[in-house]
Amino acid sequence: MAETLRDLLASTDDFVPRHIGPTAADVGEMLASLGVDSLDALARQAVPDDIRLGRPLDLPPRLGERAAVEKLRRLAGQNAVHRSLIGLGYHAAITPPVIQRNILENPGWYTQYTPYQAEIAQGRMEALVNFQTMIADLCALPLANASLLDEGTAAAEAMAMCYAAGRRKKSHFWVDAHTHPQTIAVLRTRAEPLGLTLHVGRAERADFAGGELCGVLVQYPDTRGRLRDFRALAEKAHAAGALVVAATDLLALTLITPPGEWGADIAIGNSQRFGVPLGGGGPHAAFIATHEQYKRQMPGRIVGVSKDAEGRPAYRLALQTREQHIRRDKATSNICTAQVLLAVIAGMYGVYHGPEGLRRIARRVRGLTDVLARGLTALGHAIEDAPFFDTLTVEVDDPQTVIAAARARGINLRDFGDGRQLGVALDETCDLAVVEDVLRAFAAGGRSSGEGEAALPDLDALVDAAMGVAIAFERKSDFMTHPVFHSHHGEHALLRYMHRLQGRDLSLTTSMIPLGSCTMKLNATSEMLAVTWPEFGGMHPFAPVEQQAGYAALFAELEAWLAEITGFAAVSLQPNAGSQGEYAGLLVIRAFHHDRGDTHRDVCLIPTSAHGTNPASAVMAGMRVVAVRCDARGDIDVDDLRAKAEKHADKLAALMITYPSTHGVFEARIREICQIVHDNGGQVYMDGANMNAQVGLCRPGDIGADVCHLNLHKTFCIPHGGGGPGMGPIGVAAHLAPFLPGHPLQAVGGEKAIGPISAAPYGSPSILPISYAYIAMMGAEGLTRATEIAILNANYMAHRLSAHYDILYTGDNGRVAHEFILDCRGFQKTAGITVDDIAKRLMDYGFHAPTMSWPVAGTLMVEPTESEPRDELDRFCEAMIAIRDEIRAIEAGEMHGEDNPLKNAPHTAAAVCGATWDHPYSRDVAAFPAPWTRQHKFWPAVARVDNAYGDRNLMCTCPPMEAFE
């Protein structure tokens with residue numbers, strides 16, 4: 001049909017056809033192959049009629065890409081970014097432009113997935129080992145992980161480690177009163193459901209006499225800026241069998257005695273000031289380091305060094321058997337997504353500056369703080385008599401006058417709220433001009449009212465007096481001695497190093513990543529633009545709310561849109577990962593029951609097919625897990641659910657259910673399932689991992705769910721970043737809205753709010769413009785079409801592959817939802833081929849494997865998303881069909897049972913181009929098994945990695961250079 005003038009006058013940068021992969025012609029042919037005549041007809045075959053929405057989503061008309069970016073510009077312009085010297089664990093930092101452009105803004109880095117397929121993830125894992133090594137060295141503790149979500153949750157994870165290390169027999173934990181207040185609040189939230197008693201007071205007064213303390217946490221330097229000697233505390237704690245946790249500052253550790261040297265067992269903190277923007281509170285990579293004896297209790301991902309099939313060093317995720325996706329309710333933590341992209345940035349900041357560069361930055365910050373301290377003293381203000389690094393607590397007669405004078409100069413200070421004390425925290429962006437402005441602000445609030453502005457001391461004299469002053473608690477030990485921290489200090493060197501690492505990783509810039517339950521869809525450039533705008537990136541999370549008007553408007557509009565999409569009454573944006581969304585949702589349910597006096601309700605029903613975070617989150621929320629069986633079709637066994645709901649009716653708290661199911665099917669009896677739980681006094685928690693199959697077609701709130709978390713890093717286009725960042729906001733029904741999480745430093749949440757579950761009030765604000773832009777540019781019609789195409793793509797691929805693989809589960813009409821499971825279990829018996837062999841062989845074809853052995857062992861779960869064009873879907877299908885033909889050749893005896901392309905996959909360039917080739921198949925079959933591999937070949941960086949060797953010989957820091965020779 002020819003375009004009309006009205007069509008031509010519309011925007012020429014409509015985003016919907018840019019986001020959705022298949023063309024209109026493709027859609028028609030794909031539908032015809034399935035025997036249906038429309039997307040709506042296919043959706044009706046996949047989605048039960050009784051849950052269909054029946055009306056368009058009530059969202060604003062969609063915007064073109066330019067209009068959406070302009071709208072975000074207007075919102076950004078409403079933020080007033082002052083120089084925030086507030087501290088509290090957040091500091092302005094300089095992001096080196098070479099790192100900003102080539103990692104933070106580079107889809108080759110931010111569209112990677114969690115590195116489960118090690119052979120095609122060597123680049124980011126080397127970057128993460130650099131991060132781990134940097135953290136371990138700075139903290140003087142031998143083992144660090146690859147990041148946590150934020151400092152508050154890292155502290156909570158450390159507390160849980162202490163509890164686990166004491167075999168859960170010691171149920172008291174002490175936190176020093178001069179710890180950051182948001183950290184104390186997150187600890188309170190975590191402690192109560194676990195049955196831990198949290199004591200807050202000066203650490204020196206911790207009572208170890210009763211033997212009930214499993215640990216004590218201190219801030220080093222503390223929240224007031226003081227450096228305190230905790231050696232005696234550590235000795236007392238260890239004598240009583242308790243552990244010591246130090247919440248610390250990486251930049252300070254370049255100059256002061258590291259926690260591991262004065263007796264700390266665990267160190268945690270935030271790496272944000274190593275080159276990561278403030279972003280209104282996130283995302284940032286928290287860290288944790290400890291001794292090797294606690295490696296099994298450590299939360300999150302750990303990258304280790306193993307070897308590949310050719311004997312060369314190779315990186316892999318180590319000790320996975322302790323993680324939630326395997327241990328479920330016995331896991332050390334529910335952490336799944338962490339903050340990989342931000343850890344890579346912080347690690348590269350360390351690589352770029354090296355130890356001497358970091359020391360120089362730290363000495364400069366310390367020197368400026370010393371000059372400021374001397375100036376404040378000269379003005380007659382009292383400063384606490386204690387060693388400091390970058391933060392001062394100042395006694396003033398008129399705090400509000402000083403605050404106003406500082407804001408007039410574009411500076412925010414910390415107000416302790418006691419009418420007499422203010423805090424100042426300097427950072428690497430400060431200079432003597434900033435110090436002068438701060439002194440002028442304090443001069444305006446003289447020691448006594450009516451004195452007027454005091455005379456400013458001479459800055460040059462202050463600098464001369466500060467020169468050569470010894471640093472208290474001075475560090476004597478070396479750190480970051482590995483050559484990687486001494487080899488890339490020029491921009492050319494770092495640029496080439498980062499590009500070399502990027503080339504070792506398969507990302508969405510290479511090919512589709514068809515991971516089931518992971519929704520690796522397009523992360524459009526127009527969605528990403530605002531992330532690094534200074535109006536969003538430069539905002540301190542605890543800046544005055546009137547300076548955050550742009551963020552506030554964005555939050556309010558995004559919450560309203562998500563509420564409409566999910567059918568809920570209210571939304572909280574605070575959870576900064578899917579796992580945190582689960583945890584927050586369950587805590588809200590728990591608070592609802594407790595508010596009604598039903599404190600005994602603690603049973604959580606969870607299907608056996610659930611993601612491992614579900615049971616792990618339930619345990620963290622103080623609930624007891626009762627498993628519900630699935631039937632032969634993969635659906636919840638409704639009879640078993642009913643029996644267990646009735647059996648536990650007086651104690652039933654919740655059901656956790658994923659919808660569509662983790663088996664990739666819309667279960668027809670979902671309303672009945674929800675009603676059974678409600679009839680027995682429970683609430684329904686819906687895991688939003690598969691929301692990409694619901695948007696515009698049905699809504700969790702209408703189906704019967706009471707709370708649902710959304711993975712913005714799946715359905716709503718925040719990139720996965722190689723394993724984070726993510727966002728997991730929750731939507732709740734009206735009766736749960738009063739319990740949405742609050743925060744001690746900003747008014748958020750309901751009137752009966754649970755405590756904070758993230759360190760910042762809105763989790764990771766700087767990535768929320770991504771989801772905002774996606775919804776704004778798609779509109780109601782575009783979002784619904786995206787869902788329909790996601791369902792079409794999955795059914796089209798399932799249909800193509802069904803002649804070669806069994807499709808494990810389908811719905812009543814033989815359709816799948818947005819993903820499907822290929823059954824590969826029989827190949828072990830017929831050809832000796834495992835699902836792992838298929839996954840590795842896919843690398844030779846240039847693809848990342850689908851989700852492997854989950855939710856059913858020995859299977860592959862495929863999710864194509866709506867963003868992949870038809871030719872990419874076809875390429876993947878052709879690769880899978882060709883691999884099936886290779887398996888048939890093994891079954892027929894035409895290929896060797898052991899020495900074949902699948903068992904030896906993946907094939908590296910070094911192996912294929914080597915002097916000898918001893919295999920019964922050709923090099924051509926090994927390396928170029930499909931036509932497209934000759935046009936563009938992605939070479940795995942290493943051969944198949946030996947997982948068992950890596951766990952037996954645990955090494956989680958940079959290997960010596962000799963290992964690569």
Side-chain angles (χ1 to χ4, degrees), residues 89 135-145 151 154-167 169-180 183-184 187 191 196-250 252-269 287-295 297-299 386-389 471-477 479:
I135 297 301
D137 283 6
L138 287 170
C139 296
L141 289 164
L143 183 65
N145 82 351
E151 183 168 336
E157 296 290 348
M159 177 176 67
M161 278 181 68
C162 295
Y163 187 35
R167 301 186 182 277
K169 294 179 180 178
K170 299 181 176 183
S171 59
H172 291 248
F173 189 83
W174 192 287
V175 57
D176 184 70
H178 298 300
T179 300
H180 295 321
T183 299
I184 296 175
L187 286 168
L196 281 168
T197 300
L198 190 72
H199 303 270
V200 180
R202 284 190 63 86
E204 293 83 356
R205 297 174 184 166
D207 182 10
F208 296 101
E212 294 182 336
L213 285 179
C214 63
V216 57
L217 183 146
V218 296
Q219 193 91 45
Y220 175 75
D222 72 19
T223 192
R224 301 173 66 87
R226 298 170 301 186
L227 286 165
R228 295 153 61 193
D229 188 346
F230 294 117
R231 287 174 296 184
L233 172 72
E235 291 174 2
K236 285 177 62 178
H238 294 155
L243 302 184
V244 177
V245 181
T248 191
D249 180 297
L250 292 180
L253 293 184
T254 65
L255 301 182
I256 64 175
T257 304
E261 292 182 8
W262 54 251
D265 303 285
I266 303 169
I268 62 101
F287 62 85
I288 188 167
T290 189
H291 295 289
E292 287 206 14
Q293 70 200 75
Y294 304 117
K295 64 187 179 184
Q297 286 81 39
M298 178 176 271
F388 55 81
F389 169 61
I471 296 169
F473 297 88
E474 185 174 7
R475 181 174 190 142
K476 305 296 184 182
S477 57
F479 58 92

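Taking all atoms of both residues into account, the shortest heavy-atom contact from Val244 to Gly263 is CB-O, 4.3 Å. Taking all atoms of both residues into account, the shortest heavy-atom contact from Ile184 to Ala177 is CD1-O, 3.9 Å. For Ala154 against Ile268, the heavy-atom pair with the smallest separation is O-CG2, 3.8 Å. Taking each heavy atom of Ser171 and Tyr163 in turn, the nearest pair found is CA-CE1, 4.3 Å.
Considering only heavy atoms from C-beta on, Leu198 comes within 4.5 Å of Val175 through its side chain. In this structure, Pro221 and Asp249 have side chains that are in contact, with non-hydrogen atoms separated by less than 4.5 Å. A heavy-atom distance below 4.5 Å is found between the side chains of Leu196 and Met159. The shortest distance between side-chain heavy atoms of Pro299 and Met161 falls below 4.5 Å. Taking the side chain as every heavy atom from C-beta outward, Asp229 and Phe473 approach each other to under 4.5 Å. In this structure, Cys214 and Leu243 have side chains that are not in contact, with every pair of non-hydrogen atoms separated by 4.5 Å or more. Using a 4.5 Å heavy-atom threshold, the side chains of Phe230 and Pro259 count as separate. Looking at Leu233 and Glu204, their side chains never come closer than 4.5 Å, going by heavy atoms from C-beta outward.
In summary, the aromatic rings of Trp262 and Tyr220 are positioned with their centroids under 6.0 Å apart.
The backbone N or O of Pro387 lies less than 3.5 Å from no partner atom in the side chain of Arg228, so there is not a single donor-acceptor pair. The main-chain N or O of Ala165 is never found under 3.5 Å from a side-chain atom of Lys170 such that the two would form a donor-acceptor pair. Without hydrogens or angle criteria, Trp174 side chain to Gly201 main chain gives a donor-acceptor distance under 3.5 Å.
Classification of Glu261 and Lys476 as a salt-bridged pair fails, no side-chain N sitting under 4.0 Å from a carboxylate O. Between Arg224 and Asp222 there is no salt bridge, since none of the side-chain N atoms of the basic residue sits less than 4.0 Å from a carboxylate O of the acidic one.
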Note to self: For a side-chain contact (heavy atoms from CB on, under 4.5 Å) check, start with the C-alpha distance between Val245 and Val218, then their side-chain angles and the critical distance, and finish with the verdict.
What the structure shows: CA-CA 6 Å; Val245 181; Val218 296; over 6 Å; no
Checklist line | Step-by-step salt bridge (Lys or Arg N to Asp or Glu O under 4.0 Å) determination, Arg202 to Asp176 | finding: CA-CA 5 Å; Arg202 284 190 63 86; Asp176 184 70; 5.8 Å; no
Next item on the list: Evaluate side-chain contact (heavy atoms from CB on, under 4.5 Å) for Val216 paired with Phe173, printing each intermediate quantity in order.
Entry: CA-CA 6 Å; Val216 57; Phe173 189 83; 5.9 Å; no
Check: How far apart are the C-alpha atoms of His291 and Leu143, what are their side-chain angles, what is the distance that settles it, and do they pass the side-chain contact (heavy atoms from CB on, under 4.5 Å) test?
Finding: CA-CA 6 Å; His291 295 289; Leu143 183 65; over 6 Å; no
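Separating the CG atom in Leu250 from the CG atom in Leu138 is a distance of 5.5 Å, to the nearest 0.5 Å. Separation of atoms CD1 (Ile256) and OG1 (Thr248) is listed at 5.5 Å; rounding is to 0.5 Å. Expressed to the nearest 0.5 Å, how far CG of Leu141 lies from CD1 of Ile288 amounts to 10.0 Å. Rounded to the nearest 0.5 angstrom, Asn145 CG and Glu157 CD are separated by 9.5 Å. Between the SG atom in Cys162 and the CD1 atom in Ile266 there is a gap of 4.0 Å [rounded to 0.5 Å]. To the nearest 0.5 angstrom, Thr179 atom OG1 is 8.0 Å from Leu187 atom CG.
Looking at Glu151 and Gln219, their side chains do bring a donor and an acceptor atom within 3.5 Å of each other. Side-chain atoms of Asp265 and His238 include a donor-acceptor pair closer than 3.5 Å. Side-chain atoms of Thr223 and His178 include no donor-acceptor pair closer than 3.5 Å.
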